[in-house]
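Read through the structure below, which is laid out as structure tokens, and then see the notes.
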Amino acid sequence: MASATAYRLRRSVVLVGMMGSGKTAIGRSLAAILHVPFVDSDAAIEEAAALSIAEIFARDGEAFFRRRETEVLRRLLAGGPRIISTGGGAFLAAENRDMIARDAIAVWLDADLTTLWERVRHKDTRPLLRTPDPKGTLSRLLDQRRDLYALAGLRLPVGAHASIDDTTQDALRLLATRPDFLETL
């Protein structure tokens, strides 16, 4: 469902949250409605490295990946108003949170464990879930990260059965509470 309201995005929006929370799907939908570029930071990292995230983790390790993630995020934030979807761990680094707070607004897509697990359990592209107990790992990651995600400028609860369109409309309503970021025309 397209929005009948016209908007102008004044500053970038960075979607943060766990893998499976919908950052890419909601990001693409928001960007289309707002007529701004959409960038998935993980895809930008893969393009720059000519390797998949899983290959980067396997070859160079998580610390190397996190440094590249910060470099890419810095470049994306300098590119003008856009919607940026980040990897689940991007917002954990204080440097990244500071950059986002200075140059954009973070929106935490807050989904519960059951929803996250249903969305990621059949995907083999999640290097952090390549463990003997992937659901337990996902649960631990969510527990470890929740307080840091809560530092985001805005929190958007993600309903287990909400459609992309419904969640996008919820995101627009939430962003409209911040006219310094999203102007309603």
Side-chain angles (χ1 to χ4, degrees), residues 9-31 34 38-42 45 53 62-63 65-67 69-74 76-77 81-121 123 126-129 131 133-164 166-182:
L9 189 64
R10 300 170 67 91
R11 296 171 63 197
S12 289
V13 173
V14 180
L15 302 177
V16 303
M18 289 292 292
M19 61 184 91
S21 63
K23 298 180 301 285
T24 299
I26 302 309
R28 287 185 196 284
S29 181
L30 271 175
L34 298 174
F38 167 76
V39 183
D40 181 313
S41 66
D42 279 352
I45 294 165
I53 300 299
E62 185 175 0
F65 171 78
R66 296 298 174 200
R67 287 192 299 275
E69 186 173 56
T70 297
E71 291 170 4
V72 166
L73 186 57
R74 182 177 295 113
L76 295 176
L77 288 170
R82 60 186 60 204
I83 305 296
I84 302 169
S85 169
T86 62
F91 200 66
L92 306 181
E95 180 179 2
N96 293 347
R97 289 192 308 274
D98 292 345
M99 274 193 301
I100 294 167
R102 182 184 63 241
D103 299 329
I105 191 164
V107 176
W108 171 27
L109 298 186
D110 184 9
D112 65 29
L113 178 63
T114 301
T115 301
L116 296 171
W117 178 243
E118 284 303 311
R119 292 177 178 181
V120 303
R121 68 189 190 125
K123 296 184 179 178
R126 312 291 184 166
L128 293 178
L129 296 184
T131 67
D133 177 17
K135 186 175 183 182
T137 300
L138 183 65
S139 177
R140 283 188 297 283
L141 287 170
L142 180 59
D143 289 344
Q144 293 165 0
R145 295 174 174 187
R146 187 176 282 119
D147 289 344
L148 290 173
Y149 290 147
L151 299 174
L154 296 170
R155 175 184 167 266
L156 179 64
V158 176
H161 302 291
S163 70
I164 291 171
D166 289 342
T167 305
T168 300
Q169 291 303 314
D170 290 344
L172 285 169
R173 281 189 288 277
L174 182 63
L175 286 166
T177 68
R178 292 292 307 267
D180 51 331
F181 285 91
L182 184 64

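We number each residue from 1, following the sequence as shown.
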Pairwise distance CD1(Ile164) to CD(Gln169) - rounded to 0.5 angstrom
13.0 Å
Are the side chains of Leu34 and Leu172 in contact, using a 4.5 Å heavy-atom criterion?
yes
Set of residues satisfying side-chain hydrogen bond (donor to acceptor under 3.5 Å, both in side chains) with respect to Asp180, sequence neighbours excluded:
Arg178
Which residues satisfy the side-chain hydrogen bond (donor to acceptor under 3.5 Å, both in side chains) test with Asp42, sequence neighbours excluded?
none
Going by heavy atoms in the side chains, are Leu182 and Ile105 under 4.5 Å from each other?
no
Side chain to side chain, Leu141 and Met19, heavy atoms closer than 4.5 Å
yes
Can you tell me how far apart CG (Leu142) and OG1 (Thr137) are? Round to the nearest 0.5 Å.
12.5 Å
Does anything in residues 97-111 form a side-chain hydrogen bond (donor to acceptor under 3.5 Å, both in side chains)? List the pairs, not counting sequence neighbours.
Asp110-Arg155
On a heavy-atom basis, which atom in Thr167 and which in Ala162 lie closest, and how many Å separate them?
OG1-CB, 3.5 Å
Going from OG1 on Thr114 to CZ on Arg119, what distance comes out if it is rounded to the nearest 0.5 angstrom?
11.5 Å
Considering residues at least two apart in sequence or located in another chain, which fulfil the side-chain hydrogen bond (donor to acceptor under 3.5 Å, both in side chains) criterion with Ser139?
none
Test side-chain hydrogen bond (donor to acceptor under 3.5 Å, both in side chains) applied to Ser29 - qualifying residues, sequence neighbours left out
Thr168
Distance-minimising heavy-atom pair for Ser12 and Pro81:
OG-CA, 3.5 Å
Could you walk me through whether Val16 and Val107 satisfy the side chain to side chain contact (heavy atoms under 4.5 Å, CB included) test, starting with their C-alpha distance in whole Å, then the side-chain angles of each, then the deciding distance to 0.1 Å, before giving a yes or no?
CA-CA 6 Å; Val16 303; Val107 176; over 6 Å; no
Side chain to side chain contact (heavy atoms under 4.5 Å, CB included), that's the test. Do Leu138 and Arg121 meet it? Break it down for me.
CA-CA 10 Å; Leu138 183 65; Arg121 68 189 190 125; over 6 Å; no
I'd like to know if the side chain of Thr70 reaches the main chain of Arg66, judged simply by a donor and an acceptor atom lying under 3.5 Å from each other, with no hydrogens or angles considered.
yes
Excluding sequence neighbours, so at least two apart, what forms salt bridge (Lys or Arg N to Asp or Glu O under 4.0 Å) with Arg28?
none
If the condition is ring-ring contact (aromatic ring centres under 6.0 Å, His included), which residues does Phe181 pass it with, not counting sequence neighbours?
none
With sequence neighbours left out, what residues match Asp143 under salt bridge (Lys or Arg N to Asp or Glu O under 4.0 Å)?
Arg146
How far does CD of Glu69 sit from CD of Glu95, to the nearest 0.5 angstrom?
11.0 Å
Salt bridge (charged side-chain N to carboxylate O under 4.0 Å, His left out): which pairs involve residues 11-25, sequence neighbours left out?
none
Residues 82-93, side-chain donor-acceptor partners within the protein, below 3.5 Å, at least two apart:
residue: Arg82; atom: NE; partner: Gly80; partner atom: O; Å: 3.3
residue: Arg82; atom: NH2; partner: Gly79; partner atom: O; Å: 2.7
residue: Ser85; atom: OG; partner: Thr24; partner atom: OG1; Å: 3.4
residue: Thr86; atom: OG1; partner: Leu15; partner atom: O; Å: 2.9

Tell me every residue that passes salt bridge (Lys or Arg N to Asp or Glu O under 4.0 Å) with Arg67, counting only those two or more places apart in sequence or in another chain.
none
Is Glu71 paired with Arg74 through a side-chain N to carboxylate O contact shorter than 4.0 Å?
no
Residues passing the salt bridge (Lys or Arg N to Asp or Glu O under 4.0 Å) test with Asp40, sequence neighbours excluded, are none
State, to 0.1 Å, how close Gly20 and Leu116 come at their nearest heavy-atom pair, and which atoms those are.
C-CD2, 3.6 Å
Just so I know, are the side chains of Asp170 and Leu174 near enough to count as touching, which here means a heavy-atom distance under 4.5 Å?
no
